[in-house]
There are 2 protein chains.
Amino acid sequence: MARRATNPASTDLDPRKATILEAVVSEHIDTAQPVGSSSVASSADVAVSPATVRSEMVSLEREGYLAQPHTSAGRIPTDKGYRYFVDHLRSGVLGAVQQQQVSDFFANVRGEVEDVLEQTSTLLSHMTSYTAVVVGATNTHASILSAQLVNIDAHHQLLVSVFSDGSVIKHSLNPHFDVDYETCAEASRQLNALLIGTTLETQVQVPSRHDHVAMLVRDAVSSLHAEQPTTDGDMVFIGGSSHVADSFDGVETVRKVLAILEQELLVVSLVQDMLAKGLSVAIGSENGFEPLSACAVIVAPVTIDGERAGAVGLLGPTRMKYQEAMAAASAVSQHLAHHFGGDEEHADH
Amino acid sequence: MARRATNPASTDLDPRKATILEAVVSEHIDTAQPVGSSSVASSADVAVSPATVRSEMVSLEREGYLAQPHTSAGRIPTDKGYRYFVDHLRSGVLGAVQQQQVSDFFANVRGEVEDVLEQTSTLLSHMTSYTAVVVGATNTHASILSAQLVNIDAHHQLLVSVFSDGSVIKHSLNPHFDVDYETCAEASRQLNALLIGTTLETQVQVPSRHDHVAMLVRDAVSSLHAEQPTTDGDMVFIGGSSHVADSFDGVETVRKVLAILEQELLVVSLVQDMLAKGLSVAIGSENGFEPLSACAVIVAPVTIDGERAGAVGLLGPTRMKYQEAMAAASAVSQHLAHHFGGDEEHADH
DNA sequence: TGCTGGCACTCGGTAGAATTGAGTGCTAAC
DNA sequence: GTTAGCACTCAATTCTACCGAGTGCCAGCA
């Protein structure tokens, strides 16, 4: 029975198999039902009889592209089947309405970066009916434009650092000694002199003296530099998590996915991993998180001046509408890049 | 049949009815099933026969405390039934384990206010298995300790304002004219002089000149004061939204609740409404949002020095474990108040 | 008068049997 | 190599019967 077995590792299928596989995948995406041979045969692109389709499906199943929930049922795609489908998708174009929607949105957004990203996640989620993720990468080599130490009261100071990418980070200090206004102001001056122009990666020469000013300065610098390892400087905005509820059927699956989404660090690392591997779509188990094995994740990097400035992502069921979703994600990521990168040459508008 | 109808608006039920109602409610909370007369009769507090219980239940149903899913089924509480139950709950004490959990948590948390509140929402949610909400109120009469204008580039400036409550707000400015370092520094000096000591509610005298510095100053002040009306200065942190998935059975309900939780403004206003009305529990339709009619919401204010500094809340099904949940919310809110208010006298520890 | 035991009745849930039909695999013929 | 035909499989549906939890009502009892 295994005669003429094609190379199982071959990345391409014979054209007819490919057509059949694609028909099965797209119909399953539409209907969420197992797909039978006859409906495939009646599809426009397939010009053979159900019987032929059946024998091809047997072979596709043997090769791992399709699965059968039970004997006498149609086929559903496996993750590998979806993978083939996605790899051979001609990249779609966004519908005119949605294109307009994105343009309108970016023409009208105002406010701080965080607000824009937050709203972007909502936009993307509304456009696609999937859960959207927007990650704003912290630029680890943005330089410090200003570092100011503000005296809240004798035991509370706040270090406010402004970076060249417009981000602001604050750190509380709770020294064990009383700090008066003058001490704080002097520390602030020294911090400014010390830190301006440096990045979080720069080693700076902190004063080794034992007076209060020096202690404040050391405290401030160390808590600022402690920012580095946690990686959680990255901003994450998740929009449309309610769509999780209608993307999956099992309550348990919904719970697990929501639980993952709650852990923003996980989400960021998932997105970063995918970008690092150059993946734009992770299907089922490809994403590496067992609780997300029923999900597909799409990411599109946001690139400004050749620098990775963040990413947008979409999370849906493995039977998601890849073409539309990918088009939406890529359109939004481009608009986002243009929004934050493009207006350096232009005036605001 | 309506002879001896007790006053339907009476807030108190005759003791036996009350006992029966409470038995029904607590059993239903435990089992999620309709409760029959015999299991009520076998409950410790009820010393009458099932037949008597039945006749009382008929009357409780007529008065709107109980409902029957269908003939030949037991009774389930209505919102009114839960209300009575909650109003007559002797306030419970938190279990020792949980008490320890809260203490440990607050003994160990570090980091900025936002981080603490965020983690608190996770704590509360883990303790109760319900979705937790933590609201940090912005103190509208906190005064400004520092206002600094930082020059990102010629067309982008960032106004960073630090308030006496330790909060930091930033605003981008995008002037139509080129701004050099000196202009920005001068504007920053003037802003400092103008704003320090004021609150967001204070009217300030902005310069009316037409030079760039004055324009920057005016821009900065107006965008700072624009903060006021939006009300979204309030910080909201929602923890354990995944618990929504197992608190309700209908997918549609889950979706609706999640959709509400996504709109943080709604959540804040719900909590504020409840606090304003002095409610600590809103059951079903009491909360005023139709999509939340299957939910009960518990809130506990966080009060520091007599000032309302925020609130914590819990959202669960109407059949939630009120006693435990209320105890948890109130314990956490008190620890929170102590954490942020208490350490002004003490040094950090 | 109020409580209770007894009883007929209701009706959702479950279990089992029968039926349906979508879909399959195989084979023989084209 | 493709296809029509056919026997077969099996989830889903329908129907029936039945069970039993729970009710409402009533007559008798304290």
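Order of the sequence lines sets the chain letters (A, B, ...), proteins ahead of strands, with each chain counted from 1. Remember, predicted model here, so these are calculated numbers, not experimental data.
Going from atom CD of A/Gln33 over to atom C1' of C/dA22 covers 11 Å, rounded to whole Å. To the nearest angstrom, P of C/dT4 lies 11 Å from CD of B/Glu56. Computed from coordinates, the B/Asp14 CG to C/dT1 C1' distance equals 15 Å when rounded to whole Å. Regarding A/Lys17, its NZ atom lies at a distance of 12 Å from the P atom of D/dG1, rounded to whole Å.
Phosphate proximity of C/dC3 to B/Thr52: absent, as no side-chain N or O sits under 4.0 Å from OP1 or OP2. Dashed line: the shortest gap from a side-chain N or O of B/Arg62 to OP1 or OP2 of D/dG24 is not under 4.0 Å.
Residues forming a salt bridge (charged side-chain N to carboxylate O under 4.0 Å, His left out) with B/Arg83 (at least two apart in sequence, or on another chain): B/Asp87, B/Glu286.
One distance of note links CG of A/Leu261 with CG of A/Leu292; it measures 7.5 Å at 0.5 Å rounding. Considering NZ of B/Lys80 and OH of B/Tyr65, their distance stands at 4.0 Å, rounded to 0.5 Å.
Scanning all heavy atoms of the two residues, the minimum distance from A/Ala300 to A/Ala329 falls at CB-O, 3.9 Å. Scanning both residues, B/Ile29 and B/Met320, for their nearest heavy atoms gives CD1-O, 3.5 Å. Among all heavy-atom pairs drawn from A/Leu66 and A/Pro77, the shortest one is CD2-CA, 3.8 Å.
The overall bend of the helix from C/dT1-D/dA30 to C/dC30-D/dG1, read as the angle between its terminal helix axes built from five base pairs each, is 20° when rounded to 10 degrees.
In this structure, the side chain of B/Thr52 does not engage the main chain of B/Val48 through any donor-acceptor pair within 3.5 Å.
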Give each protein N/O atom lying under 3.5 Å from an N/O atom of nucleotides 27-30 of chain C, with the pair distance.
none

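Listed by first and then second residue, the side-chain hydrogen bond (donor to acceptor under 3.5 Å, both in side chains) pairs that reach into residues 255-265 of chain A are A/Glu252-A/Arg255, A/Glu262-B/Ser242, sequence neighbours excluded. Listed by first and then second residue, the salt bridge (Lys or Arg N to Asp or Glu O under 4.0 Å) pairs that reach into residues 32-59 of chain A are A/Arg16-A/Glu56, A/Lys17-A/Glu56, sequence neighbours excluded.
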Report task. Sugar-phosphate means primed atoms, P, OP1 and OP2; the rest is base. With that split, encode nucleotides 11-22 of chain D 5' to 3' as B, S or - using protein heavy atoms under 4.0 Å. Result -> S---------BS
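Atom CG of B/Asp249 sits in a sparse spot, with 12 or fewer heavy atoms from other residues, nucleotides or ligands closer than 6.0 Å.
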Requested in this report: In sequence, state the C-alpha distance, the side-chain angles, and the governing distance for A/Glu22 and A/Ser26, and then conclude on side-chain hydrogen bond (donor to acceptor under 3.5 Å, both in side chains).
Outcome: CA-CA 6 Å; A/Glu22 274 160 33; A/Ser26 28; over 6 Å; no
